[in-house]
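A short write-up of the structure that comes next.
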Number of protein chains: 2
Amino acid sequence: MSDGASDLIEAGAQPQGGERRRGIDRVIMLLEALLRHRAPVRVGDLAKMIGAPRSTTYEIVNSLLEAEMLETVGSEGYVYFGRSMHLFGWAYSHHNAHYRRILETLDKMAAETGETVQLCGLRGHKYVVLDCRDSPGPFRISSDVGVEVPIPWTASGRLLVGHMSEAELKSFIPADDYKLPDGRAIAPQDFFRDVEQARLQGFSETSALADRFTWCMAAPIRDGHGAINRTLCFVLPVDTPEPRRNQLLDLLRERAKGLSLAGG
Amino acid sequence: MSDGASDLIEAGAQPQGGERRRGIDRVIMLLEALLRHRAPVRVGDLAKMIGAPRSTTYEIVNSLLEAEMLETVGSEGYVYFGRSMHLFGWAYSHHNAHYRRILETLDKMAAETGETVQLCGLRGHKYVVLDCRDSPGPFRISSDVGVEVPIPWTASGRLLVGHMSEAELKSFIPADDYKLPDGRAIAPQDFFRDVEQARLQGFSETSALADRFTWCMAAPIRDGHGAINRTLCFVLPVDTPEPRRNQLLDLLRERAKGLSLAGG
DNA sequence: TTAGTTCGTCCGATATTTCAGACATAGTGT
DNA sequence: ACACTATGTCTGAAATATCGGACGAACTAA
């Protein structure tokens with residue numbers, strides 16, 4: 001009472017130097033840092049990447065190593081994801097028949113067309129590739145599974161946010177995400193119109209948008225309520241002839257529809 | 001005396017009621033319990049399965065849900081592995097032991113130029129990518145590390161066989177390898193001339209060869225005897241402007257030379 | 001209605017975990 | 001040789017996350 005302990009409520013407003021975090025949160029930050037980095041990392045660097053003390057990081061890493069959620073790589077103290085992660089992830093992607101059916105379709109479409117096929121979705125406020133089958137050529141157009149990409153850069157993104165109003169879109173998508181990697185910017189109004197169009201026509205296409213050499217086409221996979229959680233997507237060379245594109249688009253829409261659960 | 005409070009020191013031998021555990025350990029137990037169960041579980045049951053208090057379990061589950069390491073299934077409070085697990089597991093299973101052999105130069109060049117950089121070599125009678133740094137865009141031109149590709153399809157291949165005579169080349173390279181993926185065929189004589197030219201000028205370039213959308217340039221990394229075992233290589237979009245190509249070629253040759261062991 | 005579940009949330013206390021820093025060791029470059 | 005940096009381990013102390021338990025709500029079965 002004497003020392004105004006009642007103000008304690010307000011005390012820690014600013015996260016200042018001596019910040020103490022929960023182990024669980026450290027674990028989450030650590031795993032996402034590893035995912036972003038996409039290569040083994042030394043513990044010291046990991047500590048910097050997640051802004052944690054070295055001693056804490058060692059403690060956490062050792063726990064995760066023991067659980068095989070991480071494993072050491074090489075002999076110089078590098079660590080990366082471990083076997084348990086593979087098992088957990090496998091469990092996730094096979095736990096329901098629907099997802100398995102989607103993966104089978106992915107395989108089949110890749111085999112039939114020889115093109116790159118992707119399954120896409122949202123993760124937080126970004127677009128991610130959830131799984132993919134790359135075209136068989138020695139050089140391919142592809143993007144890494146799990147890497148977060150701004151929604152406006154992608155055809156799938158336009159479908160995945162189709163249920164949102166313009167106001168919702170404005171608050172959902174970071175302003176910076178309208179800037180393309182080559183410096184160009186997409187006008188938000190144009191993007192909103194694209195989203196509207198994608199919703200009406202039931203598919204979305206982009207050409208040379210995030211890149212100069214890709215033509216992307218996406219079709220929605222709807223859940224039982226008609227909502228779009230996933231999209232099926234072709235990533236083609238931008239110079240693919242129009243007749244072939246149309247043919248592929250038809251296939252894509254048909255397969256995506258076949259995977260949708262919406263009755264009706 | 002009745003309850004022997006003084007024996008408290010010894011009390012905890014048996015893992016009895018008042019056991020307090022670290023959040024991280026709870027997380028690990030929780031995930032392994034889910035894996036064993038192989039189906040979505042309600043939070044209350046999860047608490048029993050891992051022997052944790054309900055309140056703690058809710059706390060932990062909510063953290064993991066927020067991180068998408070878990071996700072709710074159905075509308076009755078069931079949870080199971082989430083999307084992040086899939087991404088972590090994918091990263092694990094696509095992480096190949098060779099990735100550890102990354103050269104600093106590769107990192108630096110990729111960072112400086114933003115282009116796709118590869119380290120290439122021969123494996124048997126084929127060309128392989130030994131390591132690579134991909135350009136940062138969401139879609140990229142790339143090829144899989146370790147996948148064998150016919151030597152005549154690549155710029156690096158022209159350098160890597162530079163020490164062979166025409167007769168040696170004829171027996172070294174399978175006849176089928178002159179056929180490109182799109183059906184065209186390279187005339188062996190043209191290829192031999194390319195190899196000769198690459199040897200004389202100390203680099204090699206190909207455009208739209210194995211693909212319609214790539215421009216490849218390769219420069220030799222020589223071992224202590226001056227032999228070419230490895231090449232450094234840019235994989236560019238085929239429409240990269242010539243001035244930039246020249247600039248990148250200069251950089252490539254300089255760095256490759258810097259990595260060469262051949263004494264002056 | 002009453003009695004019995006389970007759910008999800010909230011609270012205060014304390015046993016525990018995070019943290020900063022020290023330490024010996026190993027590696028690098030001048 | 002030297003200075004400099006990074007690694008992996010330990011330690012004590014303080015901040016706090018875990019815990020037990022309580023609470024209202026929703027549901028079931030009499």
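Residue numbers start from 1 in every chain, and the chains themselves are labelled A, B, ... in the order their sequence lines are given, proteins ahead of strands.
- No hydrogens or angles were tested; on distance alone, a donor-acceptor pair under 3.5 Å links the side chain of A/R20 to the base of D/dA15.
- Rounded to an integer number of Å, the gap from CG of A/L46 to P of D/dG8 is 12 Å.
- The distance between atom OH of B/Y58 and atom C1' of C/dT6, rounded to the nearest whole Å, is 8 Å.
- The nearest heavy atom of DNA chain D to A/V43 and to B/A52 marks one nucleotide each, and the one closer to the 5' end goes with A/V43.
- Between B/D25 atom CG and C/dT17 atom P there is a gap of 8 Å when expressed in whole angstrom units.
- Here A/R26 reaches the OP1 or OP2 of C/dC19: one of its side-chain N or O atoms lies under 4.0 Å away.
- Rounded to an integer number of Å, the gap from A/I28 CD1 to D/dA17 P is 13 Å.
- Atom CD of B/E76 is separated from atom C1' of C/dC7 by 11 Å (rounded to the nearest Å).
- At C/dT18, none of the side-chain N or O atoms of A/T56 fall inside 4.0 Å of OP1 or OP2 (strictly under the cut-off).
- Residue whose closest nucleotide on DNA chain D sits further toward the 5' end, between A/G23 and A/G44: A/G44.
- Counting heavy atoms from C-beta outward, A/E66 and B/I28 have side chains that stay 4.5 Å or more apart.
- Comparing A/R21 and A/R54, the nucleotide of DNA chain C nearest to each residue sits closer to the 5' end for A/R21.
- Side chain of A/P53, nearest nucleotide from D/dC19, C/dA20, D/dT18: C/dA20.
- Side chain to side chain, B/S84 and A/R123 meet the donor-acceptor criterion of an N or O pair below 3.5 Å.
- Residue B/D45 contributes atom CG, which lies 16 Å from atom P of C/dT5 at whole-angstrom precision.
- Between A/F172 and A/H125, the ring planes are parallel. Angles under 30° get that label, and only those over 60° would be called perpendicular.
- We find that CD1 of B/I60 is positioned 12 Å from P of D/dA17, with the value rounded to whole Å.
- Ring geometry for A/Y99 against A/Y92 counts as perpendicular: the plane angle is over 60°, on a 0 to 90° scale with 30° as the lower cut.
- Residues B/S63 and A/R22 have side chains that bring a donor and an acceptor to within less than 3.5 angstrom of each other.
- Following rounding to the nearest Å, A/E59 (CD) and C/dA20 (P) show an atom-to-atom distance of 15 Å.
- Applying the 4.0 Å criterion to OP1 and OP2 of D/dA15, one finds that A/R22 has every side-chain N and O outside that range.
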